[in-house]
There are 2 protein chains.
Amino acid sequence: MAEQVTRKSPPPKRLSEQLQVGCQQCSLSELCLPEGLSEDEFARVEALISKRRKVLRNRSLFHTSEPMEAIYAVKTGCFKNEVMSADGRTQVVGFSMAGELLGLDGIGSGAHRCEAVALEDSEVCLIPFNQIEALAAQIPTLQRHLHRLLSREIVRDQGVIMMLGTMNAEERLIAFLLNLSHRLSIRGYSPVDFYLRMSREDISSLLGLTIETVSRAFTRLKEEGLIAVEKKHVRLLDPAALKARLSTPVA
Amino acid sequence: MAEQVTRKSPPPKRLSEQLQVGCQQCSLSELCLPEGLSEDEFARVEALISKRRKVLRNRSLFHTSEPMEAIYAVKTGCFKNEVMSADGRTQVVGFSMAGELLGLDGIGSGAHRCEAVALEDSEVCLIPFNQIEALAAQIPTLQRHLHRLLSREIVRDQGVIMMLGTMNAEERLIAFLLNLSHRLSIRGYSPVDFYLRMSREDISSLLGLTIETVSRAFTRLKEEGLIAVEKKHVRLLDPAALKARLSTPVA
DNA sequence: AATCAATGTTGACATGGATCAAGTCCGCCG
DNA sequence: CGGCGGACTTGATCCATGTCAACATTGATT
């Protein structure tokens, strides 16, 4: 099951090969990088992001308290972001899929404040933060993009806060599924038929519920014909009805 | 009670007077601005932040969906940050006190994603975002500072997520009080004796609870001798015990 | 094939917090 | 002064979710 990532090339890639896969060829560049870069600018950014790193399933890309020397763009696979409190509580604060950035929370203190764990064999592009920061000072478009990404992460987190603060179990699950659906569709995947990369436990942590409650919420939505679930395979049978559930609770 | 802010000068300030109160004289500059700026750099930053704006109690500094043309530093007073969902839910995502920034969430989309409401008559420094961004490109110290602030906001939000995801009512209230306490002490105020600026309703929204539950949690902590509360006046009688409550729940 | 550990589902029951309803304490305003 | 509304507290009850336990499924190991 947990086999090495070997989809793009034979066994162990050589460094020279890794370097060849640039941002220009990457279908995700429109998610990671700003539009409107000149060729020269693009090349300078690309030069910074030449390093890749593979992370096997259940391994960490970085740990809490580890010094932050780079941020990461998910190239393939999926991660969960977990924060840990002083007293040992653990909380999933989000999942990161291809084209999304990881490690932005480490900029403030210079150390990562959360742990990024691969949910499947994954690969990330390494972005040395000091260097991208220096380059951003020279390329306004890049600078603006970086600020936008940071700000969007704030907005995303506030969305999670709203979910936790105002929604019941069923609504939380629906919000979660619709959020996944939306992000998948942006990436060209089906918004109504997908496989969950994360366990019920990870979902329940993000949603601030127990796994039993999440399981029952899945079952109820299934019984009502709104979704189909078998294990990790989810189909949204009535996306409109799901969205409607998030608006006025009953009537 | 709700009188205008007139502590620093007679009745209605003239613009020329407002401009005189620069960052140099502001005791909060160490919170808003980076250390290590040269005199020249400091002056350039200061020149950008010369505008002030007063916001009366219960008035909004900005509204959701309003175009974001500036970010703000709280000079005096206190704000609540509220996000609203499409379906009309409202959620307080945090409170901002003197020296803290407001409006960072608007950078991503160019429009504010939340509403900032003054909890008392307050004053903010207006920071035109485009200009501070441009200046940051020229002053690395400033750029780094800006990134840190953005990142810290992410970390702060993740802390709220953890609170909502893992704590019970009493723990949430304790976490909230200790957080306030800490921020007040940084500003030179007593960490164990303070006045709440926000209503029980605002607190309950942030904590994802009802006002009744918040009220009962206050009462219980009071009965246990951990705090003293009369209305908005709170005293932490046993901060160590409060902190201990956040660690291992029972034993 | 047998065993085992993870993972998820389902049921029965307990409980923390929501809901509903008074009631108190204010400051405010006529 | 008296009445009124808003903010908060307190009590009684209900219910959504947590807890505990059994069981199913799956894949890994032997």
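Quick note on labels: first sequence line is chain A, next is B, and so on, each numbered from 1.
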Starting from C1' on dG16(C), measure out to CG on L207(B) and report it in whole angstrom.
15 Å

Please determine, by modelled atom types, if R172(A) and N168(A) share a side-chain donor-acceptor pair under 3.5 angstrom.
no

Spacing of I211(B) atom CD1 relative to dT9(D) atom C1', expressed in whole Å
9 Å

It should be established whether S215(A) places a side-chain nitrogen or oxygen under 4.0 Å from OP1 or OP2 of nucleotide dT9(C).
yes

If I take atom CZ in residue F218(B) and atom C1' in nucleotide dC25(C), what distance separates them, rounded to the nearest angstrom?
17 Å

Can you check the K222(A) NZ to dT10(C) C1' distance for me, whole Å?
11 Å

Atom NZ of K231(A) and atom P of dT7(C): how far apart are they, to the nearest Å?
12 Å

Quick one: do the T90(B) and E82(B) side chains pair a donor with an acceptor below 3.5 Å?
no

Distance check: side-chain N/O of T210(B) vs OP1/OP2 of dG17(C), anything under 4.0 Å?
no

Separation of atom CD in E201(A) from atom P in dA5(C), rounded to whole Å:
17 Å

Test for a donor-acceptor pair under 3.5 Å between the base of dC20(C) and the side chain of E212(B), counting only N and O atoms.
yes

It should be established whether K232(A) places a side-chain nitrogen or oxygen under 4.0 Å from OP1 or OP2 of nucleotide dT7(C).
no

So, do S205(B) and Q91(B) sit near enough that their side-chain heavy atoms are less than 4.5 Å apart?
yes

Quick one: do the H112(B) and E66(B) side chains pair a donor with an acceptor below 3.5 Å?
no

To the side chain of T219(B), which of dT9(D), dG18(D), dT10(D) is closest?
dT10(D)

Hey, would you say the F62(A) and Y72(A) ring centroids sit under 6.0 Å apart?
yes

Starting at CG of D202(A) and ending at P of dT7(C), how long is that distance when rounded to a whole Å?
9 Å

Tell me whether the side-chain N/O atoms of R216(B) come closer than 4.0 Å to OP1 or OP2 in dT10(D).
no

Spacing of N168(B) atom CG relative to dA18(C) atom C1', expressed in whole Å:
15 Å

T213(B) vs dA18(C): side-chain N/O to OP1/OP2 distance below 4.0 Å:
yes

